[in-house]
Engineer: 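Structure provided below as structure tokens; questions to follow.
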There are 2 protein chains.
Amino acid sequence: MNARRKFRREGEERRRQDLIDATLDSVAEHGLEGATLRTIALRAGVTAGLIRHYFPGKEDLLQEAYAALMGRMTEQAKAALAMEDASPRQRLAAFVTANLDAPIIDQRVFSLWATFIGRAGADPALARAHREGYLGFRNEVETVVAEVLAAERRKPDAAELRHHAIAINAIIDGLWIEGCLAGEMFSPGELAAIGIKAVEAELGLAPLS
Amino acid sequence: MNARRKFRREGEERRRQDLIDATLDSVAEHGLEGATLRTIALRAGVTAGLIRHYFPGKEDLLQEAYAALMGRMTEQAKAALAMEDASPRQRLAAFVTANLDAPIIDQRVFSLWATFIGRAGADPALARAHREGYLGFRNEVETVVAEVLAAERRKPDAAELRHHAIAINAIIDGLWIEGCLAGEMFSPGELAAIGIKAVEAELGLAPLS
DNA sequence: GGCGTTGTTGTGCAAGTGTATAAATAGCCT
DNA sequence: AGGCTATTTATACACTTGCACAACAACGCC
């Protein structure tokens with residue numbers, strides 16, 4: 001009796017990914033405080049001791065989990081900008097829409113983002129990770145804005161461009177939060193429509209007739 | 001030897017307030033996980049056992065701390081709308097400015113907000129508290145917007161008004177986050193200026209000459 | 001098939017957690 | 001000054017936590 005538990009050996013990459021996913025699930029559900037090694041291991045279908053085999057300590061696991069989360073978020077958002085055969089204005093609209101519809105608008109993702117970012121003030125490594133992601137995102141915005149305005153035969157200077165990018169970034173972030181926290185208050189596509197209109201107003205674009 | 005520690009008896013209201021402040025400090029510095037009763041008590045200059053004398057349990061202390069935080073945030077923001085002798089447009093601009101300068105733009109406050117709001121997905125009471133605060137805030141915005149547009153002799157319908165309020169709310173929230181997380185990237189007053197311009201563009205107001 | 005490697009389990013441990021409760025004392029009332 | 005009472009300290013306790021380590025067994029290789 002008291003037979004030892006059966007198990008399977010998974011590939012290293014697979015196990016690490018499973019553990020990271022289990023970590024994100026645990027943090028989203030119970031917060032950083034409730035995400036214990038045992039909870040995480042249970043969710044991943046292994047025992048707690050195994051985590052130490054793949055990660056030096058809990059802190060490292062959390063950091064890798066945060067990096068994975070940010071990677072997935074920015075990856076999906078930037079994909080919308082990659083459309084080759086579309087006008088700058090269309091690509092900007094697609095970018096806004098991509099950021100304000102599923103799967104980016106998601107309460108679980110938001111909980112994770114908030115939980116981690118809440119520690120940015122105390123954790124310099126985390127703060128730096130955010131800063132880089134933010135600046136990258138804003139640069140993407142700034143590039144599209146420049147193209148949109150160029151197509152309108154307007155020549156904004158650098159400061160003007162920067163201000164537009166900051167404002168548009170804020171519009172997207174703000175609407176993202178509203179959607180994540182109170183998604184059912186908005187009809188599908190409503191946030192995206194509001195976002196596009198606000199962005200076009202910011203840029204002084206005439207409404208499409 | 002081993003003398004018992006000296007202490008002073010404070011008034012009940014004072015002690016509760018001190019404990020709540022110490023709780024917010026601890027959460028901002030160490031996150032929810034690191035905010036232990038002993039840490040909080042140390043910061044408040046008392047011993048851990050005393051907390052139980054004022055709060056039934058740790059959870060209650062955290063809830064009251066969150067409520068206090070939200071109260072302070074909204075109180076300061078709404079005050080800007082109370083200016084009696086000012087045009088609607090001036091009051092709207094003052095509102096935006098009040099939300100995008102110190103002391104609302106503050107990394108510590110942001111850390112607290114993010115840490116708590118990250119649990120809104122799992123904690124219904126917290127989610128409801130946020131929802132109410134958010135709707136109240138948005139209603140304030142909607143009211144001013146209606147006054148501003150009325151002063152311009154424009155008659156927006158309800159849906160239009162709602163969309164404006166949502167967008168303006170997003171602009172303020174988004175810029176607030178940017179300022180809190182990367183305050184030193186912006187010159188003083190820059191965020192407020194960007195915010196006012198973005199809001200006026202959203203409402204289609206002609207720039208003041 | 002047997003064997004070694006190593007991914008995986010299970011157990012142990014010291015430190016820290018929230019809560020309960022007894023003991024002490026500060027401050028008010030007379 | 002002396003006692004009463006409620007605030008405050010101090011200690012105890014059961015439990016959880018992250019981490020360390022020895023035993024084990026799944027899988028590849030010969």
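In what follows, chains carry the letters A, B, and so on, assigned in the order in which the sequence lines appear, proteins first and then strands, with residues in each chain numbered from 1.
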Engineer: Between P on D/dG18 and CD1 on A/Ile51, what's the gap in Å once rounded to a whole number?
Structural biologist: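 It is 9 Å, rounded to the nearest whole Å.
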
Engineer: For B/Glu160, what residues pass the salt bridge (Lys or Arg N to Asp or Glu O under 4.0 Å) criterion, not counting sequence neighbours?
Structural biologist: none

Engineer: Per the salt bridge (charged side-chain N to carboxylate O under 4.0 Å, His left out) rule, which among A/Arg43, A/Arg16, A/Arg72 passes with A/Asp21?
Structural biologist: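 In the set A/Arg43, A/Arg16, A/Arg72, the residue that makes a salt bridge (charged side-chain N to carboxylate O under 4.0 Å, His left out) with A/Asp21 is A/Arg72.
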
Engineer: Taking only residues two or more places apart in sequence, or in another chain, which ones meet A/Phe110 in a ring-ring contact (aromatic ring centres under 6.0 Å, His included)?
Structural biologist: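 Listed in chain order: A/Trp113, A/Trp176.
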
Engineer: Restricting to nitrogen or oxygen on both sides, can you table the protein-nucleotides 13-15 of chain D pairs closer than 3.5 Å?
Structural biologist:
none

Engineer: Across nucleotides 2-7 of chain C, 5' to 3', mark each nucleotide with B, S or - according to how protein heavy atoms within less than 4.0 Å reach it.
Structural biologist: ----BB

Engineer: Does B/Ser187 offer a backbone N or O that forms a donor-acceptor pair with the side chain of B/Glu190 under 3.5 Å?
Structural biologist: yes

Engineer: Got a donor-acceptor contact below 3.5 angstrom from the A/Gln76 side chain to the A/Met73 backbone?
Structural biologist: no

Engineer: Using whole Å, report how far CD1 of A/Ile40 lies from C1' of D/dT17.
Structural biologist: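 It works out to 12 Å between those atoms.
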
Engineer: Give, for atom OG1 of B/Thr23 and atom CG of B/Asp18, the distance between the pair rounded to the nearest 0.5 Å.
Structural biologist: 10.5 Å

Engineer: So, B/Glu29 and B/Arg108, do they make that salt bridge, N to O below 4.0 Å?
Structural biologist: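 So B/Glu29 does not pair with B/Arg108 through a salt bridge.
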
Engineer: Would A/Thr36 and A/Thr39 count as a side-chain hydrogen bond (donor to acceptor under 3.5 Å, both in side chains) if you check the C-alpha gap in whole Å, the side-chain angles of each, and the deciding distance to 0.1 Å?
Structural biologist: CA-CA 5 Å; A/Thr36 70; A/Thr39 302; 2.9 Å; yes

Engineer: Under 4.0 Å: is that the gap between some side-chain N or O of B/Thr47 and OP1 or OP2 of D/dT8?
Structural biologist: no

Engineer: Would you say that more than 12 heavy atoms from the other residues, nucleotides or ligands in this model lie under 6.0 Å from the NZ of B/Lys197, or not?
Structural biologist: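 Atom NZ in B/Lys197 is not crowded, with 12 or fewer foreign heavy atoms closer than 6.0 Å.
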
Engineer: Tell me, which of residues 55-66 of chain A have any heavy atom that sits under 4.0 Å from an atom in DNA chain D?
Structural biologist: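 Of all residues in residues 55-66 of chain A, the ones placing a heavy atom under 4.0 Å from DNA chain D are A/Gly57, A/Lys58.
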
Engineer: With no angle test and no hydrogens, is the base of D/dT9 tied to the side chain of B/Arg5 by a donor-acceptor pair under 3.5 Å?
Structural biologist: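 Answer no: no donor N or O sits under 3.5 Å from an acceptor.
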
Engineer: What I want to check is whether an N or O donor and acceptor connect the side chain of B/Arg52 with the base of C/dT19 at under 3.5 Å.
Structural biologist: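 No pair found.
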
Engineer: NE2 of A/His30 versus P of C/dT17: gap in Å, rounded?
Structural biologist: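 Those two atoms, NE2 and P, are 20 Å apart.
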
Engineer: Can you tell me the distance, in whole Å, between the CG atom of A/Leu37 and the P atom of C/dG16?
Structural biologist: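 My rounded result for the distance is 17 Å.
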
Engineer: Tell me: CZ of B/Arg4 to P of D/dT8, nearest whole Å?
Structural biologist: 13 Å

Engineer: Name all pairs fulfilling the ring pair (Phe, Tyr, Trp, His ring centres under 6.0 Å) condition that reach into residues 31-69 of chain A, sequence neighbours left out, sorted by first residue then second.
Structural biologist: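 Passing the test, one end in residues 31-69 of chain A: A/Tyr66-A/Phe116.
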
Engineer: Please give me the minimum heavy-atom distance between A/Ile20 and A/Ala68, naming the atom from each residue.
Structural biologist: CG2-CB, 4.0 Å

Engineer: Pick the closest DNA chain D nucleotide for A/Gly49 and for A/Thr39 by heavy atoms, then say which residue is nearer the 5' end.
Structural biologist: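 With A/Gly49 and A/Thr39 compared, the 5'-side residue is A/Thr39.
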
